[in-house]
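Chain A is the first sequence line, chain B the second, and so forth, proteins listed ahead of strands; every chain is numbered from 1.
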Amino acid sequence: MQNIDGQIPVKKLRDLLNPLLVPLLAIFTAMVAGGIIIAIVGGNPFAAYWGLVQGSFGSAAALSETAVWATPYIFAGLAVAVAFKGGLFNIGAEGQLAFGAVMAALIGYALPGWLHIDLPAYIHIPLTVGLGMLAGAIWAAIPGALKAYTGGHEVINTIMMNYIALNITSFLLNGPMRDPDPLNLSARTPEIAASARIPTIFPDLRVHWGFVLALLVAVIIWWLLWKTTMGFEIRTVGANPDAAKYAGINVKRTIVITMAISGALAGLAGAIEVTALNYRHELGFSVGYGFDSIAIALLGKTNPFGVVLAAILFGAMRNGGTRMQFMTQIPVDIISVIQGLILLFVAADAIIRFIYRIRVREERVVLTRGWGG
Amino acid sequence: MATNDIVLEAKGITKHFPGVLANDHVDFDLHKGEIHALLGENGAGKTTLMNILYGLYLPDSGEIQVDGKPAVIHTPKDSITLGIGMVHQHFMLIPVFTVAENIMLGDEIVRNKIVLDQKAVAKRVRDLSHQYGLEINPETLVSQLPVGVQQRVEIVKALYRNAHILILDEPTAVLTPQEADELFVIMHELTKRGVSIIFITHKLKEVLAVADRITVMRDGKVVGTAKPKETDEAKLASMMVGREVILKVDKDPAKPGNEILKVDGLKVHDIRGLEVVRDVSFHVLAGEVLGIAGVQGNGQTELVEALTGLRSMAGGKMWFSGKDMTGKPPRPITETGMAHIPEDRQRHGLVLGYTVADNMVLNTYYLPPFGVHNMLQPAAIDSNARKLIEDYDVRTPSPYVPVGKLSGGNQQKVIVARELSHPVKLLVANQPTRGLDVGSIEYIHKEIIVMRDRGVAVLLVSAELDEIMALSDRIAVMYRGQIVATVDAAKVTREQLGLWMAGAHPEE
């Protein structure tokens, strides 16, 4: 048995491709099923998918828009993935994202006025984005602390905190933070100062440096989880909290930290949308990012790089859907159906394994434990 | 009594699981009125064979005959119809139901198609218990019965379904030595009345005491069948393991040193808030093994969890290495030099999805050389794993295999290697050999004595009296949360310890 080789094993190609197998087959199966639905409602699936590809990757503008869509998906998907790694199911990304956006908008438009100085961009942007992250982190740390110290289940508490966050946001955008412009009819904040705006990469495309930051953050999260002792603690608590306690890890503190990191990433998603894209926060802009991010984290198998790929796929589908509708008159809602099917097949991977006769090779990823677990 | 009529015969049973040949052309027969022991290590294929006989698995090939007729057993229902009853290691009883209710469960006597006939069941249970000499009261709640009597309920449950072949899976694991002796009497009574028994175990003494024939399995094959008179423990052990095994632990007299652990008036509550460790005081010296004997569930688990910082103390004090460590969390206790081999290795001792290498630094990952400036050091973790795999003879294809894929014995070696690789003053070993094969038990016993002789204080908790007697220098007996006696291991008999474990007072 003991054929111990003299070096750290280099991962074989098959080992690298194996975790991608189920997600790729899930996407493929969902596309086939979606195609059948398109055919049933009288459309041409091939034309529809061609429109989708054209709309998402067919031109520089299409690529740029795909990246714009993917940016919040990457941040929020990483948020959910980090929580999963720590054994926590953060359904509250939506609310954390909203608070990140509200905080970023506030700091973005109000801070220069409060301080009575013009802030340089290199101070104002980090401050805006950083406080947006902090808002998300605090909002997520609350259910984390409730879980750690009272046993209150984070799924229930993050769902409830979503309602609180979204209603407070609605109040703020209709009340104290409402854009005072007499022409304004919607619940939105004033525009943020020019010094708080993250610039675009190319002059005539909307893709901004926030997308590059998202890719960078994915690398940082991978590094944090697998290269640092804190990441070891997060993963150990997620994999086996009893063993983590035995190993001397402060399980309660780790749960709070994990939720705070998760919330910071969700808050970052909101802050970047404000500072790099919309330049204000408007009620309703973010609806769904926080929930789609759960699907993205699952499709990405909670791996930071998997999350990036899944986020780009979801971004491309959201972006290309409009073009598809324009070219084939197939309603853009079919995209939601396909995304739902992808999630179904990834979550219930037994279906995929059954259809394609894949033997279970890897240990099943246990994403969360049961009540009180 | 044993006769030559064959009631059950399995011929050429073969069963594959992915990557494993669990049963390889196994032949097994059972005579009427015989106790036939099936002996083997974990993974030898005993359980697979029994699950095939009980209808939980279908064999890939081979045939089964019951009472001389070919039998097709697809489900447990088929085997019950054929008169085969199984008593599992973990009882399948509902505590809040009465004995009668538990026995009739799934086979109720019903009047007018809807009304349960409790009286008829109770009468039937009484008749059966008289007939076979198994004293039980059908109206008692199962939760009020001691474990040994609960086991009797399981046996009556099988007899109620007209079983004449009984499979007893590790029946003595949960019993005191006295309760086990009572079970053996019952088994003989049953065989006198024509019941045939398959007795699954890995305890050699019991097999020699009770069985009419002994079949030993190893690696899915039958190694041989013997009569107790023609064999002995050493022969059976080497048949099980496939090589010579030293059963007796060789050790010199202890040379006790300073007091390493002192516990005074310790009280611990379980999750329901009940006081399960009640005012326990003891000490462990450097260079000695203090064994804590007791039937499972008498507070040993909670005692160890409190000492190692996993559970809070409700009262009392603990000094470790001269320092007051009362109520400290696990990390400072570990850093002071406590090694802990936990009772439930898969729950506390390992992260099954992690590699062997990561598990070997599970509680030292943050210390140099494994963690430097909050960064994991893969090279140091790698060389640590390779060294420990070599030193402790962990059988793994590589340090990067998930530890959950190793056998139980090798998983335990990973824990032992990790715990003994950092500076140790006190080793707390709770059920260190539970569920392990003879070879691994031999290894871990040797390692515990090596640590003792190096001047480490050892607190050994075990429900296996043989293990306690083989390793301990002093023995404390725990019963219902209290230490009822502490004695010199050389001056006490097995019988005496058994009485104390069952609740007898030392003065009597």
Heavy-atom distance under 4.5 Å to chain A: side chain of B:Glu335, backbone, both or neither? neither
Assert top hit (heavy-atom pairs under 4.5 Å, partner chain A, pool B:Ala357, B:Pro342, B:Gly371) equals B:Pro342
Honestly, the part of B:Tyr354 sitting under 4.5 Å from a heavy atom of chain A is side chain
Side chain, backbone, both or neither: which part of A:Trp226 has a heavy atom under 4.5 Å from chain B? backbone
d(A:Asp242 CG, B:Gln346 CD) to nearest 0.5 Å is 12.5 Å
Indicate yes or no: at least one non-hydrogen side-chain atom of B:Asn374 is less than 4.5 angstrom from one of A:Thr228. no
Do B:Met375 and A:Trp223 have side-chain heavy atoms sitting under 4.5 Å apart? yes
Does one side chain, of B:Tyr365 or A:Thr236, offer a donor that lies under 3.5 Å from an acceptor on the other? no
Under a 4.5 Å heavy-atom cutoff, which of A:Asn250, A:Thr229, A:Ile249 has the most pairs with chain B? A:Thr229
Roughly how far apart are A:Lys245 NZ and B:Thr308 OG1, rounded to 0.5 Å? 9.0 Å
Heavy-atom pairs under 4.5 Å with chain A - which of B:Leu352, B:Asp358, B:Ile333, B:Thr334 has more of them than the others? B:Asp358
Heavy atoms, side chains only, cut-off 4.5 Å: are A:Phe232 and B:Leu362 in contact? yes
What part of B:Leu350 gets closer than 4.5 Å to chain A, counting heavy atoms only: side chain, backbone, both or neither? backbone
Does B:Asn363 reach the main-chain N or O of A:Tyr246 with its side chain, forming a donor-acceptor pair under 3.5 Å? no
Taking all non-hydrogen atoms of both residues, which atom of A:Gly248 and which atom of B:Pro330 are closest, and how far apart? CA-CB, 4.1 Å
Evaluate the side chain to side chain contact (heavy atoms under 4.5 Å, CB included) criterion for residues A:Lys227 and B:Leu376: first the C-alpha distance (whole Å), next the side-chain angles of each, then the deciding distance (0.1 Å), finally the verdict. CA-CA 5 Å; A:Lys227 298 291 160 188; B:Leu376 295 173; 5.9 Å; no
Contact class of B:His373 relative to chain A, heavy atoms under 4.5 angstrom: neither
